Amino acid sequence: MHLSFVLVMNWKYNHPVRNVFTYATLLLLVVGVAALFYWNKETVFLTLNNQHTDVADIILKYFTYVGDGIFMAALGIILWLIGKKKLGLLLILSFILSGLLAQGIKRLEQRPRPGLYFEKPEVIHKVDDVLLKGHNSFPSGHTTTAFATFSLLAFATRNKFVQLFFFVVAVVVGYSRIYLGAHFAEDVLAGAALGFSSSYFLCWLLRKKEWD
């Protein structure tokens, strides 16, 4: 097993099909969809949302911003400037592609957020009494960005432990959206699939371009 942590964006060197992040994401989607079929979106949401502690309130309130589009764009620019031009460009392009797709689907679907969906929103655990409402729940934009970002970072290394670490970070961002009462599990799963697929597609599209 290759243990060095070197960011090399090379399709042959670190093909996504040989990446832990890829299989972990597929497993997450299969288990998540199965759970939604076996139970229902209300039960799954409330079960995950109500597993709260004071420490988690503090951590996840801020950790959720890792899925902010500004974080991904800034990281892409930084990587470009330090010489990782292909990875930096991929991050920026994936941010644009996945963001446009996520926002487009939101406007087509117009599904209500949990705060608007439940007749008694007091059943939802919220942090600092903040509960988002509106008809823009599906898919989760933060989760889309997180999976787009960290799948690319995982694709850029052959270190299996680092790949798994990036997957865990992306999952925690997705979970934070449920924990904070902003999204249903189906929104998060759709965001994970969208973000991962966008990055995978761009990696394939630019697989023959070698700039660093």
Side-chain angles (χ1 to χ4, degrees), residues 1-35 59-60 63-69 71-80 82-99 101-102 139-178 185 188-212:
M1 179 170 59
H2 192 82
L3 294 178
S4 65
F5 177 37
V6 180
L7 293 176
V8 180
M9 207 65 238
N10 183 297
W11 185 261
K12 293 181 179 179
Y13 173 83
N14 41 13
H15 196 290
V17 171
R18 297 192 295 270
N19 201 287
V20 170
F21 195 105
T22 298
Y23 293 100
T25 299
L26 292 175
L27 180 61
L28 171 69
L29 295 175
V30 170
V31 172
V33 171
I59 294 175
L60 295 181
F63 196 86
T64 197
Y65 289 108
V66 174
D68 196 298
F71 172 82
M72 184 179 189
L75 181 59
I77 293 172
I78 291 172
L79 287 170
W80 175 277
I82 66 174
K84 297 296 181 181
K85 293 185 177 181
K86 184 174 184 179
L87 180 56
L89 178 62
L90 282 169
L91 279 167
I92 294 171
L93 291 177
S94 187
F95 163 64
I96 295 172
L97 176 61
S98 63
L101 289 173
S140 166
H142 282 73
T143 308
T144 299
T145 298
F147 271 83
T149 302
F150 292 104
S151 62
L152 279 173
L153 293 178
F155 295 162
T157 177
R158 293 169 71 180
N159 187 317
K160 302 301 183 185
F161 295 108
V162 175
Q163 294 167 9
L164 182 60
F165 170 74
F166 285 142
F167 173 75
V168 171
V169 173
V171 168
V172 174
V173 171
Y175 173 66
S176 73
R177 305 310 292 159
I178 301 173
V188 170
L189 292 173
L194 185 59
F196 175 83
S197 299
S198 297
S199 291
Y200 189 101
F201 168 73
L202 288 171
C203 280
W204 173 82
L205 189 65
L206 299 178
R207 64 190 182 281
K208 294 182 180 180
K209 302 292 183 181
E210 302 299 340
W211 301 314
D212 57 79

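What you see is a predicted model; the values in this text were computed from it and never measured.
Gln163 places a side-chain N or O within 3.5 Å of a backbone atom of Thr157 that can act as its donor or acceptor partner. In this structure, the side chain of Lys86 engages the main chain of Leu206 through a donor-acceptor pair within 3.5 Å.
In this structure, Phe150 and Thr145 have side chains that are not in contact, with every pair of non-hydrogen atoms separated by 4.5 Å or more. Residues Leu60 and Tyr175 have side chains in contact (heavy-atom distance under 4.5 Å, counting atoms from C-beta outward). Side-chain contact between Ser151 and Thr25 is absent, with no heavy atoms from C-beta onward closer than 4.5 Å. Using a 4.5 Å heavy-atom threshold, the side chains of Leu91 and Trp80 count as separate. Ser199 has its side chain out of reach of Leu90: every pair of non-hydrogen atoms, C-beta onward, lies at least 4.5 Å apart. Phe167 is listed as a side-chain neighbour of Leu28, based on a closest heavy-atom distance under 4.5 Å. Contact check for Ile92 versus Ile96: side-chain heavy atoms found under the 4.5 Å cut-off. Within the 4.5 Å cutoff, the side chain of Phe147 has no heavy atoms near those of the Val173 side chain.
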If you apply the rule side-chain contact (heavy atoms from CB on, under 4.5 Å), what do you find for Phe21 with Phe166, and how did you get there? CA-CA 7 Å; Phe21 195 105; Phe166 285 142; 4.2 Å; yes
If you apply the rule side-chain hydrogen bond (donor to acceptor under 3.5 Å, both in side chains), what do you find for Ser94 with Ser198, and how did you get there? CA-CA 6 Å; Ser94 187; Ser198 297; 5.2 Å; no
Would Leu93 and Leu205 count as a side-chain contact (heavy atoms from CB on, under 4.5 Å) here? Give the steps. CA-CA 11 Å; Leu93 291 177; Leu205 189 65; over 6 Å; no
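Distance check: Arg18 CZ to Arg158 CZ gives 7.0 Å after rounding to the nearest 0.5 Å.
Take Thr143 and apply the side-chain hydrogen bond (donor to acceptor under 3.5 Å, both in side chains) test, not counting sequence neighbours, and it matches Ser140.
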